[in-house]
Amino acid sequence: SFHGVDRFTNDIFLLKMDSLGNVLWSKNYGNPGTSNAPSYDESYNIATDSKGNLIVGGRCFFNGSFRAFILKADSMGIPIAFKTYGAIDVRTYGFALNVDQNDNYLVTGATSILKSDFNTPNTALFVIKADSDLKTIFTNVYQPIDDSGFNGESIDIGPDGKYIIGFTTRSFKSHQVPGPQAPDKMGVLSLNQDGTINKAYIYNVKGSQYTKVRTTKNGFYISGFTTL
């Protein structure tokens, strides 16, 4: 069961409040763990679909490895469906989630699925698109040629229906600028609805992480931090 309380490690936690901050309900969700075999269940994002269902994304520890997940619950927090994405000996983290205008669920994050060493810090960016029944429409992995890390950290839907992903990368050495920290770069990846790449942009080449993106009528905003 994925609905319960794990007293040893992290659980997914949902809380609903009214406009005055009064708690209406709270729920915990998680695989049962023990002190010898902990289970980590961590949510990073929440969205709603057109029917008011709660769509939660994050990562969980299952069968010896971290996997991305989608949890679908009704407006009272009662679970409807749950699905994990990943593989044995692979780290897959679902850092961001959104719902498009057709009630498709989108998850992005980082995965080591292309690596022989699944503990490598040089993960690749992935995007999963699933329908409202959690049936997979596509699962794509994106990796720069120089392969020095590529993490999806936020996702939004543009007015033209394209998927706009904020990412951090240590790749693209031609843009390298020495700095006091690792030369992470901030960027935006624009995808067509079938997952093919439309455009990619690199910004702030002197130390950036936690790239958050928000689309507008004519473009997008991004935020993060810098060592400039």
Side-chain angles (χ1 to χ4, degrees), residues 39-45 57-71 82-98 100 104-131 134-156 162-176 181-205 207-213 222 224:
S39 172
Y40 298 89
D41 305 286
E42 302 168 342
S43 60
Y44 297 142
N45 289 269
R59 70 174 187 174
C60 62
F61 194 73
F62 174 74
N63 203 14
S65 59
F66 278 106
R67 303 181 187 223
F69 72 80
I70 298 175
L71 165 65
F82 181 81
K83 190 170 184 178
T84 63
Y85 304 85
I88 296 174
D89 291 340
V90 171
R91 293 180 299 123
T92 302
Y93 301 152
F95 290 140
L97 173 144
N98 214 325
D100 73 9
N104 296 309
Y105 307 151
L106 304 159
V107 179
T108 189
T111 181
S112 62
I113 198 166
L114 301 181
K115 315 299 180 182
S116 57
D117 175 11
F118 75 94
N119 283 316
T120 176
N122 296 333
T123 51
L125 184 153
F126 74 86
V127 175
I128 295 167
K129 180 176 181 178
D131 67 16
L134 300 193
K135 294 178 181 177
T136 302
I137 298 173
F138 67 73
T139 301
N140 288 353
V141 179
Y142 307 85
Q143 177 178 280
I145 293 175
D146 55 351
D147 184 21
S148 297
F150 198 36
N151 299 336
E153 295 175 329
S154 58
I155 186 166
D156 204 358
K162 289 185 170 57
Y163 305 142
I164 310 300
I165 298 161
F167 67 81
T168 293
T169 182
R170 291 178 297 280
S171 296
F172 306 107
K173 299 288 195 302
S174 61
H175 294 280
Q176 207 85 305
Q181 298 182 4
D184 292 320
K185 303 163 194 70
M186 173 185 289
V188 171
L189 183 65
S190 171
L191 300 181
N192 300 309
Q193 291 187 12
D194 63 358
T196 56
I197 295 175
N198 175 47
K199 292 182 179 180
Y201 309 85
I202 292 288
Y203 304 94
N204 193 8
V205 299
S208 302
Q209 278 185 331
Y210 310 119
T211 305
K212 303 302 179 184
V213 62
I222 58 174

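Since this is a predicted model, take the numbers as computed values, not measurements. We're numbering straight along the sequence, starting at 1.
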>> Can you confirm whether the side chains of Y40 and R59 place a donor and an acceptor under 3.5 Å from each other?
In response: no
Might you point out which heavy atoms bring [X] and [Y] nearest each other, and give the distance in Å?
X	Y	value
F82	C60	CZ-SG, 4.4 Å
F95	A110	CE1-CB, 3.9 Å
K212	E153	NZ-O, 3.2 Å
V90	T92	CG1-OG1, 3.6 Å
D100	K129	OD2-CE, 4.0 Å
D194	N140	O-ND2, 4.2 Å

Below 4.5 Å, heavy atoms only, C-beta onward: do [X] and [Y] meet side chain to side chain?
X	Y	value
L71	S43	no
T139	F126	no
I197	L191	yes
I88	R67	yes
D89	S65	no
N198	Y163	no
Y85	V107	no
D131	N104	yes

> Could R91 and F66 be counted as a cation-pi pair, given that NZ or CZ must be under 6.0 Å from the ring centre and within 45° of the axis?
Replying inline: no
Calculate, to the nearest 0.5 Å, the distance between atoms [atom1] and [atom2] belonging to [X] and [Y] respectively.
X	Y	atom1	atom2	value
I70	Y105	CD1	OH	8.5 Å
L106	L97	CG	CG	7.5 Å
I164	K199	CD1	NZ	10.0 Å
N151	T108	CG	OG1	9.0 Å
L189	F150	CG	CZ	5.5 Å
F138	T196	CZ	OG1	8.5 Å

>> Are more than 12 heavy atoms, taken from residues, nucleotides or ligands other than Y210, located less than 6.0 Å from that residue's OH atom?
In response: no
> Partners of S154 by side-chain hydrogen bond (donor to acceptor under 3.5 Å, both in side chains), sequence neighbours excluded?
Replying inline: none
> Per the side chain to side chain contact (heavy atoms under 4.5 Å, CB included) rule, which among I165, I222, I202 passes with V188?
Replying inline: I222
